[in-house]
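As structure tokens, the structure follows; a few thoughts come after it.
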Amino acid sequence: MIRAGRGQTVDAVREVLDPPDVDMHALLQMRARENRRLDQVLGITSTFASEDERTHEEDVRRVERLLSVVNLETTGWRRFVKVAERSVFQFLPTASCEFATFIRCVTFHTWIVGVLNPDDPQNRELQQVDLTVEEITNAIFEFSEHGQTNASPTQIHNALGQWITSSEDDPDYRAINLIFPLYDKLWRLVAATVICAQCYPVSRNPLLDFCENPTRRQFTVSMGGIGDPSAANVVNEVLRLHPPIEQISRPYGLPRWQAMLKCHVQTADIKAVHEYDEGGSRMREPREFMPERWQNEVKPAMFAFGEGKLRCPAHGWVPAAAALIAAKVMDGIDGVRLRMERPSGGGDTRYNWEGWTVRRVR
């Protein structure tokens, strides 16, 4: 039973995210009800804000089609690598900047040019229109954190409409649907990965090796000594400790007697359940960053991309893409001309990247 409406065990989280005997329409209805502000504030009409099954099927196919072009070891992936490298150098500060702002801009530019506009020149720069790249990424961050933003949907749609030039089957399809939530989750994973590499040296070499040789084998296989992690191990451990979304809620329309026991809103506590392995046992030192644990026969539980019928269709592509962008950031901030600076004062923060800055030294 899920007590107090919050699932923190492997079985309870699976029950919230992929409840038995619940059809697709009901699942979509639950998610749309929880995400109704997506349409109200940002004008999002994708499956995340819709209970329509056809919309869901079309959106999943659209994402799968986009990502198939930039799958590892395709020509599109090689172009994506070059776009990511150029994006890093385009947004490096002349003096200093907030690390999170820098990562948001780099990831956004890489996503737009590298994925959504596959026919554009790889050196394309997004020119300022109604909003700059920094302004639009800040607006999306504000919405993600607080449910509102100062930028209007019209401004956001106008900017994205001019930047995203790839043709769609449906000319009326809103560009914002291709940005949120995929980009929002991707930049958070990139940021958390870079900070983990700063704080835990064991993660640096696998990522930098992947930067130099961005192939599937380099990503998945440890090239170090016995027990050394691969880049995939590193990113999986980042996802485990710093999932881009920490909780997923579903407002179930339960009968009255069930509502008294389970509450109307069920919440899957993703961050809490990641302290367990896939068999449901609590892991050794679950709050420590230990990428080598992904080499064990019994792997940690992983719900960062959801579960079941509504699992994120980008789950197979995002880890390698995040590792690549993070590695290019690490390569660009070389510690000589530019360096990362830790937040002063210490103390616990919600996100591991809060307070960090990028500063030009010479």
Side-chain angles (χ1 to χ4, degrees), residues 83-112 114 126 131-146 149 179-208 210-211 231 234-235 237-239 241-246 271 289 304 318-319 321-362:
V83 170
E85 183 173 343
R86 183 171 181 83
S87 298
V88 169
F89 285 95
Q90 179 179 338
F91 290 99
L92 285 172
T94 56
S96 67
C97 69
E98 290 184 354
F99 170 74
T101 300
F102 170 66
I103 295 295
R104 287 198 291 268
C105 291
V106 168
T107 306
F108 182 86
H109 190 272
T110 303
W111 177 251
I112 295 284
L126 302 179
L131 298 171
T132 64
V133 169
E134 182 175 342
E135 287 171 338
I136 201 167
T137 55
N138 285 344
I140 293 171
F141 176 66
E142 289 168 1
F143 172 79
S144 183
E145 292 294 299
H146 308 297
T149 177
I179 302 298
F180 194 94
L182 271 173
Y183 148 76
D184 186 61
K185 307 313 175 191
L186 180 59
W187 84 259
R188 291 170 184 271
L189 178 55
V190 172
T193 301
V194 174
I195 298 303
C196 285
Q198 288 287 317
C199 298
Y200 305 100
V202 68
S203 352
R204 288 190 62 82
N205 284 343
L207 292 170
L208 291 174
F210 184 53
C211 180
V234 171
V235 175
E237 185 69 351
V238 175
L239 278 167
L241 281 174
H242 307 284
I245 183 165
E246 297 179 356
K271 192 163 187 175
F289 184 84
V318 164
L324 188 281
I325 299 172
K328 291 299 182 182
V329 168
M330 292 163 57
D331 190 50
I333 304 175
D334 56 11
V336 179
R337 294 168 303 151
L338 296 116
R339 68 185 180 203
M340 301 264 302
E341 293 188 349
R342 296 172 182 266
S344 59
D348 293 334
T349 57
R350 179 178 178 184
Y351 305 116
N352 70 338
W353 38 262
E354 284 187 76
W356 284 76
T357 57
V358 180
R359 185 174 300 279
R360 186 173 290 275
V361 180
R362 60 172 73 172

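Only heavy atoms go into these numbers, but all of them, side chains included; no hydrogens, no water, no symmetry mates.
With sequence neighbours excluded, the residues that form a side chain to side chain contact (heavy atoms under 4.5 Å, CB included) with Glu145 are Phe141, Arg188, Arg350, Tyr351. Under the salt bridge (Lys or Arg N to Asp or Glu O under 4.0 Å) criterion, Arg359 pairs with Glu341, sequence neighbours left out.
Atom OG1 in Thr110 sits 10.5 Å away from atom OH in Tyr183 (nearest 0.5 Å). Atom SG of residue Cys199 and atom CZ of residue Arg342 lie 4.5 Å apart, to the nearest 0.5 angstrom. Atoms OG1 and CD1, on Thr107 and Ile325 in that order, are 5.0 Å from each other to the nearest 0.5 Å. Atom CG of Leu189 is separated from atom CG of Asp184 by 12.0 Å, given to the nearest 0.5 angstrom. Atoms CD and CG, on Gln90 and Leu126 in that order, are 7.0 Å from each other to the nearest 0.5 Å. Remark: Met340 CE to Met330 CE distance equals 9.5 Å, nearest 0.5 Å.
For the pair Trp353 and Ala192, the tightest heavy-atom approach, listed with the atom from each and the gap, is CD1-N, 3.9 Å. Gly114 and Val83 get closest at one heavy-atom pair: N-CG1, 3.8 Å. The two atoms that bring Leu207 and Ala231 nearest to each other are CD2-CB, 4.4 Å, heavy atoms only. For Ala304 against Pro243, the heavy-atom pair with the smallest separation is CB-CB, 4.4 Å. When all heavy atoms of Phe91 and Cys105 are compared, the pair lying nearest together is CD2-CB, 3.6 Å. Residues Pro244 and Leu239 approach most closely at CD-CD2, 3.7 Å, considering heavy atoms.
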For this session: Please report the C-alpha distance between Ile195 and Phe99 in whole Å, then the side-chain angles of each, then the deciding distance to 0.1 Å, and finally whether the side chain to side chain contact (heavy atoms under 4.5 Å, CB included) criterion is met.
Result: CA-CA 10 Å; Ile195 298 303; Phe99 170 74; 3.7 Å; yes

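Taking the side chain as every heavy atom from C-beta outward, Trp356 and Val194 never approach each other to under 4.5 Å. Put simply, the side chain of Pro93 reaches to within 4.5 Å of the side chain of Leu338, judged on heavy atoms. Under the 4.5 Å side-chain criterion, counting only non-hydrogen atoms from C-beta, Arg339 is not in contact with Arg360. For the pair Leu92/Ile333, a side-chain contact is recorded, criterion being any heavy-atom separation below 4.5 Å from C-beta on. The closest side-chain heavy-atom distance from Phe108 to Ile179 is below 4.5 Å. Residues Val234 and Cys196 fail the side-chain proximity criterion, which asks for heavy atoms closer than 4.5 Å. Here the side chains of Asp331 and Glu85 are not in contact, with every heavy-atom distance at 4.5 Å or above.
Around CD of Glu98, the count of heavy atoms belonging to other residues, nucleotides or ligands within 6.0 Å does not exceed 12.
Side-chain N or O atoms of Ser144 include none that pairs as donor or acceptor with a backbone N or O of Ile140 at under 3.5 Å.
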